[in-house]
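Okay, so here's the structure we're looking at.
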Number of protein chains: 2
Amino acid sequence: MAEADLQSQKKPQQQDPMFARVVLQQCISARLQIRPATADSSAEFVQIREGLVVHTCFCRGATAETVAKLATKVLNARVFKPEDSEKAISVLNLPGDVLIVPQATLGGRLKGNVLQYHRNLAKDESLKLYTDFVELCTKTVGDNNNRYGYGCQVFGGTYGNRQVLSMETNGPHSNIVEI
Amino acid sequence: MAEADLQSQKKPQQQDPMFARVVLQQCISARLQIRPATADSSAEFVQIREGLVVHTCFCRGATAETVAKLATKVLNARVFKPEDSEKAISVLNLPGDVLIVPQATLGGRLKGNVLQYHRNLAKDESLKLYTDFVELCTKTVGDNNNRYGYGCQVFGGTYGNRQVLSMETNGPHSNIVEI
């Protein structure tokens, strides 16, 4: 595995702009810490049942339009394949819960063995878009609940916190979505 | 969020070849089913302690060279940032366990709301490369154990099975590596 031997299959630099990158993972249940324990209080968590964990990162150039497009993509992508269904269906149709986890590390690019984060959006802008994204997904899932009598929930994490997460899956069926 | 409004920020088609795609996630522990339950026997699982979960997909054009390059990248990428360390370190240096999960869904590309898998490697070739990848990671971690007196483990899943996975994390710190 000498370094020289490994260079010949080098991938050309990617030039395409990327405004947001998410990893979708299916779960049976997932739990995310939204407030760490302090001297006076226990940690707080949010928990979802069957549904989608959306690890989310916004990159330079992302705007309100990116948020709208990403919400549409994530909620409508046909990533679930129930055993009793021939066709893959979306989390809206499953219907399932949604847990949106801030995950700035997804913007990283390996240079040698070191991760660089040059393409990540600045922290304050990213917090704003993350908050808007959680709100928009919450509204869309709420509208879907009202329309079909579902009771699905959307939760976000706490931006900037360590994302203490546990997941039970029947196959994470991980998908990457970039826009 | 009309479809027409969402087109203007469309990302150009990616032209770069991609031979393998992995999602790295850090865990405190993770457990993967390697044999489902039958009428006669319980399900079998492998389990790791603190370390790296490597969701792995090989794409068209992947070769033995891809496997070697991917193993080097994954095991040496400095993705861990221990609280007592200023520098990020690799799973070899942590030192941590490695769980390699077959995850063909990572090769998917959304066309509209539907995932297409045209760039995935054929199943038999992919099984071969997956097996070689697990072997090479096992050997490299074993050499590292021998050198430094560590006792880290590497486990793979069962290719083609439903990957029943549970993870406890202190922050998955998800990273995407493409080669």
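Chain A is the first sequence line, chain B the second, and so forth, proteins listed ahead of strands; every chain is numbered from 1. This one's a predicted model, so the numbers in the text were calculated from it and none came from an experiment.
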Contacting moiety of B:Lys81, where chain A heavy atoms sit under 4.5 Å: backbone

Contacting region of B:Gln25 [heavy-atom separation from chain A under 4.5 Å]: side chain

Main-chain N/O of [Y] paired to [X] side chain as donor or acceptor, under 3.5 Å:
X        : Y        : value
B:Arg35  : B:Ser41  : no
B:Tyr148 : B:Pro95  : no
B:Tyr130 : B:Gly156 : no
B:Ser166 : A:Glu168 : no

For chain A, find which of [options] contributes the most heavy-atom pairs closer than 4.5 angstrom.
options                               : result
B:Asn161, B:Leu24, B:Val23, B:Leu165  : B:Leu165
B:Leu32, B:Val164, B:Leu110, B:Val177 : B:Val164
B:Met167, B:Lys73, B:Arg31            : B:Met167

Can you tell which part of [X] gets under 4.5 Å to a heavy atom of chain B, answering side chain, backbone, both or neither?
X        : value
A:Gln103 : side chain
A:Ala88  : neither
A:His55  : side chain
A:Val79  : both

SB check B:Asp124 B:Lys128 (cutoff 4.0 Å): no

Check ion pair A:Lys139-A:Asp143 (N to O, under 4.0 angstrom): yes

Positive for side-chain contact (heavy atoms from CB on, under 4.5 Å) with B:Leu70, one of B:Val54, B:Leu75, B:Leu136, B:Ile179: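 Among B:Val54, B:Leu75, B:Leu136, B:Ile179, the one meeting side-chain contact (heavy atoms from CB on, under 4.5 Å) with B:Leu70 is B:Ile179.
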
